[in-house]
Amino acid sequence: MTRPVMTDIKSLTREELEAQLKAWGEPAYRAGQVLDWLYARRAATWEAMTNLPKPLRAKLAEQFTLHTLELVRQQGAHDTTRKFLWRLADGSLIESVLIPANPALYGEASDRHTLCVSTQVGCAYGCKFCASGLDGWKRNLNPEEIVEQVLATERAVASERHQATGETPTPTGTRHPSRTVNNLVIMGMGEPLANYEHLLKALRLLNAPWGGGIGARKITISTSGLAPQIRRLAAEPEQFRLAVSLHGATDEVRTRIMPVNRKYPITELAAALADYQRAKDQLITFEYILIAGVNDGLDQTRPLAALAERLHAKVNLIPYNAVEGLPWARPTEAVCEGFLAALEGHGVTATLRREKGGDIDAACGQLRLRTEREINGAG
Ligand code: SAH
Ligand code: SF4
């Protein structure tokens with residue numbers, strides 16, 4: 001007989017956990033203890049929760065799973081952008097990328113990090129330039145699999161620090177005074193707004209003061225432009241930030257590289273973004289990867305500027321990272337700088353990413369793709 005699928009403890013809100021513990025006749029303070037073990041101490045096992053009575057630990061283990069992510073591969077060194085490849089309970093692979101804050105930005109070496117998390121295994125949207133969609137869509141991530149990317153990354157960083165310094169590891173010991181991850185970008189594998197319910201649940205857990213404690217304004221959701229879900233997000237109470245993968249300022253160019261543009265063309269996308277803006281009073285970001293000969297012509301800068309102006313958006317220009325097996329390339333530096341200058345000439349606030357990210361397959365989906373293909377003997 002197959003067992004029914006169990007709920008994972010890291011997909012429960014505080015209220016849900018409190019209700020369960022109350023039903024078991026536990027005192028009210030138990031919920032706080034469990035949450036402290038999960039989010040502040042990043043406990044990976046029930047046994048680690050030493051201040052809970054053994055029978056309660058057994059009951060929890062009977063009722064809930066406590067999944068952790070298994071680290072399969074890591075790329076990149078200490079203090080640089082690092083990529084983590086995780087194996088999920090069903091064997092699927094996903095990626096998270098840890099990006100240290102630019103020390104110059106804060107005036108001193110800092111412990112601040114941004115984590116880029118995945119929301120699906122694969123992606124159904126099939127943008128022509130992207131590694132994540134190359135092998136199609138497999139499934140949505142559960143809330144705890146999104147939450148656990150933050151906790152597992154922090155566990156990995158803590159244990160590395162331990163190896164480097166001899167410092168005692170603390171995952172099952174003392175409380176962690178602060179998170180290693182204090183900014184989140186939902187820009188990993190998958191289309192976050194196509195996994196709307198699980199995404200929102202996970203972000204609320206990561207945002208809650210008793211959970212991840214990461215401010216809503218420090219969480220940026222990136223979408224390929226699902227207009228109805230953008231409107232739905234606009235109606236939520238949280239002030240999550242929104243980034244839109246535009247990559248083309250006319251339907252002709254955008255449709256060529258992003259099939260989703262057929263379903264939600266630029267006029268419709270812009271109308272949904274205007275709604276979001278009205279509801280949130282927040283700056284939207286347009287991501288615009290520059291791909292040689294595809295969308296890097298100066299003719300795109302005028303319609304891009306018009307859209308940005310209308311929606312009070314800023315534009316992040318990102319030179320394309322080549323993906324194995326795909327024909328696209330990054331334009332020359334001169335072309336990228338020229339595109340930026342033309343945009344700024346039209347009065348747009350824009351930035352151009354200049355660091356070299358290509359060396360660790362910085363574009364999401366690539367490490368997984370390569371590993372899957374090696375495992376399957378095709379790589
Ligand atoms: N599905 C969402 C979020 C994940 S993709 C979205 O499309 O927005 C995150 C960002 O990485 C997107 O802007 C995407 O267009 C970009 N991206 C994908 N492949 C890339 C590559 N090879 N080089 C640079 N950026 C890439
Ligand atoms: Fe999916 Fe985003 Fe990649 Fe497009 S760019 S295939 S929406 S992950």
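Both ligands and their constituent atoms are indexed starting at 1 by order of listing.
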[X] to ligand 1, any heavy atom closer than 4.0 Å:
X    : result
C123 : no
M189 : no
S132 : no

Is the closest side-chain heavy-atom distance between [X] and [Y] below 4.5 Å?
X    : Y    : result
N183 : H113 : no
K138 : S92  : yes
K10  : P143 : no

Using a strict 4.0 Å cut-off to heavy atoms of [X], name the atoms of ligand 1 that fall inside it.
X    : answer
I289 : 24 (C), 25 (N)
H247 : 13 (O), 14 (C), 15 (O)
V323 : 22 (N)
E287 : 10 (C), 13 (O)
S245 : 6 (C), 7 (O), 8 (O), 12 (C), 13 (O), 15 (O)
G190 : 1 (N), 2 (C), 3 (C), 4 (C)
T223 : 6 (C), 8 (O)
Y320 : 21 (C), 22 (N), 23 (N)

When you compare the side chains of W37 and N51, does any donor N or O come within less than 3.5 Å of an acceptor on the partner?
yes
Is it true that E148 and T68 share a donor-acceptor pair across their side chains at a distance under 3.5 Å?
no
N/O donor to acceptor pairs below 3.5 angstrom from side-chain atoms of residues 119-127, sequence neighbours left out:
unit_1	atom_1	unit_2	atom_2	d
Q120	OE1	E191	N	2.9
Q120	NE2	N140	OD1	2.8

Nearest heavy atoms of L343 and A350, plus distance in Å:
CD1-CB, 4.0 Å
Which pair of non-hydrogen atoms, one from K218 and one from N182, has the smallest distance, and what is that distance?
CD-O, 3.3 Å
Mind checking whether F129 contacts ligand 1 via backbone (N, CA, C, O), side chain (CB onward), both or neither, at a 4.0 Å heavy-atom cut-off?
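Answer for F129: both.
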According to the side-chain hydrogen bond (donor to acceptor under 3.5 Å, both in side chains) rule, which pairs have a member within residues 302-315, sequence neighbours left out?
none
Does atom CD (E268) have a neighbourhood of more than 12 heavy atoms from anything else shown, all under 6.0 Å?
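Yes.
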Sequence neighbours left out, what passes side chain to side chain donor-acceptor pair (under 3.5 Å) with D8? Give chain and number order.
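Partners of D8 by the side chain to side chain donor-acceptor pair (under 3.5 Å) criterion, ordered by chain and then number, come out as T65.
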Taking the ring centre of each residue, are F286 and H247 less than 6.0 Å apart?
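They do not qualify: ring centres at least 6.0 Å apart.
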What do you reckon, does I186 have a nitrogen or oxygen under 3.5 Å from a nitrogen or oxygen of ligand 1?
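There is no such contact.
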Near atom 3 (Fe) of ligand 2, which protein N/O/S atoms fall under 2.8 Å?
C130 SG
